[in-house]
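Written out below as structure tokens is the structure these notes cover.
Whatever order the structure lists them in is the order used to number ligands and atoms, beginning at 1.
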Amino acid sequence: MCILDKSESESGRSDLSSPKLSETYLFISDLHLCASRPHITTAFLSFLQNTAIQAHALYILGDLFEYWAGDDDIDDAFHQQVIVGFRALADAGVKIYLMHGNRDFLIAQGFCTATKITFINDPALIDLHGKKTLLSHGDDLCTDDITYQTFRRQVRDKAWQTEFLSLPLPSRKKQIEAIRAHSEQAKSHKSAQIMDVNADAVQALLQTYHYPESLIHGHTHRPNQHQIQLNGHSITRWVLGDWYEQGSYLVCDKQGCRSVGL
Ligand code: LP5
Ligand code: MN
């Protein structure tokens with residue numbers, strides 16, 4: 001597992017040409033990068049070089065990749081392209097944080113070291129300009145999706161993962177392809193409501209984390225801003241968009257947060 005940086009709300013950088021942007025935090029998720037969608041990879045690498053490079057920190061809230069079969073796949077040419085992009089961003093002084101999604105939860109220390117990314121757990125509580133902000137991929141909140149939650153418990157089990165990772169890489173990829181096909185089939189029979197976050201699960205999480213000012217998550221691919229009133233607290237739930245059709249990212253600075261299309 002990657003090293004967990006406990007100081008997510010670290011002090012500002014001093015090497016940026018634009019002091020205004022040095023106070024900027026960017027949030028993305030659900031890029032589903034893969035070799036067969038080169039236009040998304042191009043858009044993402046351009047985003048790293050032109051947009052993220054001006055920010056203080058970039059947070060990736062899961063599903064960076066279409067799937068990740070294990071860190072022994074790091075030498076793959078496509079993965080190397082992405083790794084080089086991240087390393088250049090990190091070398092320019094931008095802090096990069098990554099959380100697992102349901103498709104890339106096998107990302108481990110090898111990937112984080114190669115990219116100079118800091119791994120964060122799901123959920124992660126950070127301080128955004130004095131505002132408590134909770135980050136999550138979001139799949140854990142989809143509690144109505146019973147078959148998915150059962151599957152999730154199995155594949156997030158450490159013993160199961162150790163055994164799976166002991167298989168040869170091609171065999172793992174073959175199994176993942178089968179699961180992907182099965183998942184696409186299963187999703188076509190599920191209602192949109194089942195695949196959305198459950199309101200009670202969201203409330204329970206917000207209570208556990210003592211009512212942060214906002215929650216940012218992805219996974220559902222339904223970009224939006226929801227206002228939740230909970231026990232006298234007004235909490236904003238930001239849902240990040242995916243990068244299939246048109247990429248978008250959430251920008252948070254001292255003025256607040258806003259969603260921006262690429
Ligand atoms: O990702 P998304 O949004 O498309 O769908 C998710 C849920 N599906 C998944 C599966 C992933 O998409 C694909 C696999 C990722 C690779 C992980 C790497 C390591 C795992 C190795 C496993 C061998 O997460 C989908 C949710 C949806 O989000 C919305 O929340 O509904 O969940 C499913 O569709 C899962 C099914 O409901 C249950 C799957 C049980 C699998 C049982 C094994 C059957 C084997 C079939 C072989 C032919
Ligand atoms: Mn997801």
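Near W160, with a cut-off below 4.0 Å to any heavy atom, the atoms of ligand 1 are 21 (C), 22 (C), 23 (C). Heavy-atom contacts of K190 reach the following atoms of ligand 1: 26 (C), 31 (O), 32 (O), 33 (C), 34 (O), 36 (C), 37 (O) (cutoff under 4.0 Å).
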Hey, can you pull the donor-acceptor pairs under 3.5 Å for the side chains in residues 200-213, sequence neighbours left out?
from	atom 1	to	atom 2	distance (Å)
T208	OG1	A204	O	2.8
Y211	OH	N231	ND2	2.8

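For the ring pair (Phe, Tyr, Trp, His ring centres under 6.0 Å) test, residues two or more places apart in sequence or in another chain that qualify with H129 are Y25. Every residue was checked against the disulfide bond (SG atoms under 2.5 Å apart) condition with C142, not counting sequence neighbours, and none meets it.
Across R103 and F65, no two heavy atoms sit closer than the pair CB-O, 3.8 Å.
Among the atoms of K187, some N or O lies under 3.5 angstrom from an N or O of ligand 1. By the 3.5 Å distance cut-off applied to N or O atoms, D63 is not counted among the residues near ligand 1.
Closer than 2.8 Å to the Mn ion (ligand 2) sit the protein N, O or S atoms D63 OD2, N102 OD1, H137 NE2, H219 ND1.
Close placement of the H100 and F119 rings is indicated, their centers lying within 6.0 Å of each other.
Heavy-atom neighbours of K132 NZ from other residues, nucleotides or ligands within 6.0 Å: above the threshold of 12. Taking a 6.0 Å sphere around CD of Q227, one finds it holds more than 12 heavy atoms contributed by other residues, nucleotides or ligands.
Side-chain contact between F27 and L135 is present, with at least one heavy-atom pair separated by less than 4.5 Å.
Annotation: atom 47 (C) of ligand 1 to nearest protein heavy atom, A178 CB, 3.8 Å.
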